[in-house]
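Both ligands and their constituent atoms are indexed starting at 1 by order of listing. Computed over heavy atoms, backbone and side chain alike; hydrogens, waters and symmetry mates excluded.
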Amino acid sequence: MDIKELQEEIVKLKKEKDVCILAHSYQAHEILEVADYTGDSYKLSVDASKCPNKTILMCGVRFMAETCKILSPQKKVLLANPIAGCSMADQMDKMLISQVKEKYPDYTVVAYINTTADLKTICDVCVTSSSAVKICKKIENDKILFIPDCNLGDFVAKQVPEKTFKLLSGGCPIHACVNVDDVKKAKEAHPDALLLVHPECTPEVVKLADYVGSTSGIMEYAKNSDAKEFIIGTEISIAEHLQYALPDKRFYYLSLKLICPNMKATTLTDVYDCLSGNAGEEIELDNQTITDAKRCIDEMIRLG
Ligand code: 13P
Ligand code: SF4
């Protein structure tokens, strides 16, 4: 089957089987075309809880599928490709954070949504890159232990100077490997372009940006800006989607190092195979994990 035929089969199957397809913006264009909802990790988790379908198929990474399961435990949640983990989410587990909490008992533990369901069970509130600043400002406690991403944590801490932040040395290896030299080269090649970056990039890179925001934030900014050229400092799919959506503007990759192998693991064939019942993985979480992890996601929704 060619791409068009495969897409038609997917659309037919999802209707037949009452499946809602969610695709994170880092997925390939042909996957976004068959999705019912697309967007950043926060938007997808809310969309999943509101959609009427009995089954959710997540084209993204494992923590995103787990978040859907936590918010919609009565639904069947499938991860299109089971190898799609998140290198950041896998860095910190419950045992490590329990020890850190003992060291800082009076701190509120703020967990980036890029964490496992198991780790969320011992955290106080979740945040996404689009809601982190707002939520950290609203938290009553002025002492915050922000995990796992120290780059996002640094970005938030600078915008919430009235609070004390403790950061650990975790983060996204993809975003963190872009450096000032990459920025210099991209700006030299495209001197009129604005630089838009994700807060998972290092503070040195963030400092040079014209705009810092989540994947959806970057896309909105580019859409609404009068500028015509943009250097995109996040996973390269975002520059591709923007080029499709806004053909009169020009989008350049900040660096070709910005390719997430986890996000790229899912193919259109995986989506078809998963819908056919021949691939994918059903996310199963025990009731206690769902109840405990939900507390910190509910808190994110309440404060965000
Ligand atoms: P968003 O929260 O912006 O969707 O980002 C998720 C992610 O994994 C970024 O690397
Ligand atoms: Fe995880 Fe980084 Fe990939 Fe985002 S880009 S899914 S944080 S490994």
Within-cut-off N or O pair, H24 and ligand 1, under 3.5 Å: yes

Residue portion contacting ligand 1 (non-hydrogen atoms closer than 4.0 Å) for H175: side chain

Non-hydrogen atom of H24 closer than 4.0 Å to ligand 2: no

Within less than 2.8 Å of atom 3 (Fe) of ligand 2: protein N, O or S atom count: 1

Atom indices of ligand 2 within 4.0 angstrom of H175 heavy atoms, with elements: 5 (S)

Sub-4.0 Å atoms of ligand 1 with respect to non-hydrogen atoms of S129: 1 (P), 2 (O), 3 (O)

Donor-acceptor contact below 3.5 Å, side chain K69 vs main chain P73: yes

Hydrophobic cluster identity match, L119 and M88, side-chain contacts under 4.5 Å: no

Test applied, side-chain contact (heavy atoms from CB on, under 4.5 Å); reference residue, C68; option that passes from L44, L78, I283, V77: V77

Side-chain donor or acceptor of K101 paired with backbone N/O of Y107 under 3.5 Å: no

Heavy-atom neighbours of K163 NZ exceed 12 at 6.0 Å: yes

K228 side chain to R250 backbone, donor-acceptor under 3.5 Å: no

Proximal ligand 2 atoms for N114, defined as those under 4.0 Å from one of its heavy atoms: 7 (S)

Mode of E200 contact toward ligand 1 - side chain, backbone, both, neither (heavy atoms, under 4.0 Å): side chain

Any P261 side-chain heavy atom under 4.5 Å of I174 side chain: yes

Nearest-neighbour protein heavy atom for atom 2 (O) of ligand 1, which is reported as residue plus atom name and distance: S41 OG, 2.7 Å

Any N or O of D40 closer than 3.5 Å to N or O of ligand 1: no

Any pair counted as ring-ring contact (aromatic ring centres under 6.0 Å, His included), so long as it reaches residues 182-208, sequence neighbours left out: H175-H198, H190-Y252

T215 N/O to ligand 1 N/O under 3.5 Å: yes

N or O pair under 3.5 Å between N114 and ligand 1: yes

4.5 Å side-chain heavy-atom contact, V19 and L13: no

Heavy-atom side-chain proximity of S225 to Y211 below 4.5 angstrom: no

Those atoms of ligand 1 less than 4.0 Å from some heavy atom in Y26: 7 (C), 9 (C), 10 (O)

Polar side-chain atom of D270 near backbone of T267 as donor-acceptor pair, under 3.5 Å: yes

Sequence neighbours excluded and cut-off under 3.5 Å, please list the side-chain donor-acceptor pairs for residues 293-304, or say none.
from : atom 1 : to   : atom 2 : distance (Å)
K294 : NZ     : D298 : OD1    : 3.2
K294 : NZ     : D298 : OD2    : 2.9
E299 : OE1    : R302 : NE     : 3.1
E299 : OE2    : R302 : NH2    : 2.8

Non-neighbouring partners of D181 that pass salt bridge (Lys or Arg N to Asp or Glu O under 4.0 Å), sequence neighbours left out: K185

Numbered atoms and elements of ligand 1 in range of S214, under 4.0 angstrom, heavy atoms: 3 (O)

Numbering as shown, the atoms of ligand 1 that approach H198 to under 4.0 Å (heavy-atom distance): 1 (P), 3 (O), 5 (O), 9 (C)

